[in-house]
Visitor: 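For reference, the structure I am asking about is given below.
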Amino acid sequence: MLDSLHEDLNRVKIKPLVPMIESHGENDERASIEAWEAHLKRSQSIIVDLMHGQYKSTVRCPDCNHLSITFEAFNQIILPIPEIR
């Protein structure tokens with residue numbers, strides 16, 4: 001539902017291709033900022049302003065031991081669920 005609202009309200013009409021930003025552990029803050037700026041090149045709406053965030057994903061390959069650190073956008077809405085008595 002949130003994604004549908006976001007797409008209807010998205011101010012970006014022509015969405016450029018943006019590369020995945022990957023940190024190599026040396027400067028996560030800079031990689032995080034670059035990833036967020038890349039996200040905003042494709043997604044700008046009131047939904048992004050109020051309900052999008054970013055998380056850090058760290059994955060290590062068990063075969064080659066390669067470490068991948070990425071920063072990915074997510075959306076959420078917190079809704080109270082009334083207690084039924």
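The analysis underlying the following values was restricted to heavy atoms, covering all of them including side chains, and did not include hydrogens, waters or symmetry mates. All values derive from a computational prediction rather than experimental measurement.
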Visitor: Using modelled atom types and a 3.5 Å cut-off, is there a donor and acceptor pairing between side-chain atoms of Q44 and backbone atoms of L40?
Guide: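 Yes, the answer is positive, given that a donor and an acceptor are paired below the 3.5 Å cut-off.
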
Visitor: If you measure from CZ on F71 to OG on S57, what distance do you get to the nearest 0.5 Å?
Guide: 9.5 Å

Visitor: Where the side chain of R60 meets the backbone of N65, is there a donor-acceptor pair that is under 3.5 Å apart?
Guide: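 Yes; judged by distance alone, with no hydrogens or angles, the pair exists.
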
Visitor: I need the minimum non-hydrogen distance between A73 and Y55, along with the two atoms involved.
Guide: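 Smallest heavy-atom distance, with atoms named: O-CE2, 4.4 Å.
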
Visitor: Test side-chain hydrogen bond (donor to acceptor under 3.5 Å, both in side chains) on N10 and S45; report intermediate values, then the result.
Guide: CA-CA 5 Å; N10 197 352; S45 71; 5.7 Å; no

Visitor: How close do I21 and E34 get, heavy atom to heavy atom, and via which atoms?
Guide: CG2-OE1, 3.9 Å

Visitor: Just how far is it from atom CG of D3 to atom CE of M51, taken to the nearest 0.5 Å?
Guide: 12.5 Å

Visitor: Please find the pair of heavy atoms, one from V48 and one from W36, that lie closest to each other, and give the distance.
Guide: CG1-CZ2, 4.3 Å

Visitor: Under 3.5 Å, sequence neighbours excluded: what are the donor-acceptor pairs made by side chains of residues 75-85?
Guide:
none

Visitor: Ignoring hydrogens, what is the shortest heavy-atom contact between I69 and D28? Give both atom names and the distance.
Guide: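 Looking at all heavy atoms of both residues, the closest pair is CG2-OD1, 4.1 Å.
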
Visitor: Measure the spacing between CG of N27 and OG of S32 and express it to the nearest 0.5 Å.
Guide: 10.0 Å

Visitor: Under a single-linkage definition using a 4.5 Å side-chain heavy-atom cutoff for Ile, Leu, Val, Met, Phe, Trp and Tyr, are I46 and L2 assigned to the same hydrophobic cluster?
Guide: yes

Visitor: Give, for atom CG of D49 and atom CZ of R11, the distance between the pair rounded to the nearest 0.5 Å.
Guide: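 Spacing of CG (D49) from CZ (R11) equals 5.5 Å.
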
Visitor: One thing to verify: whether K41 and E37 come together as a salt bridge, which I'm taking to mean a side-chain N less than 4.0 angstrom from a carboxylate O.
Guide: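 Result for this pair is no, no salt bridge flagged.
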
Visitor: Could you state the interatomic distance from OG (S4) to CE (M1), rounded to the nearest 0.5 Å?
Guide: 9.0 Å

Visitor: If Ile, Leu, Val, Met, Phe, Trp and Tyr residues are connected whenever their side-chain heavy atoms lie under 4.5 Å apart, and connections chain through other members, are V18 and M20 in the same group?
Guide: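 No, V18 and M20 fall in different hydrophobic clusters.
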
Visitor: For H6, check ring pair (Phe, Tyr, Trp, His ring centres under 6.0 Å) against everything at least two apart and list the hits.
Guide: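 Result, ring pair (Phe, Tyr, Trp, His ring centres under 6.0 Å) vs H6: H52.
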
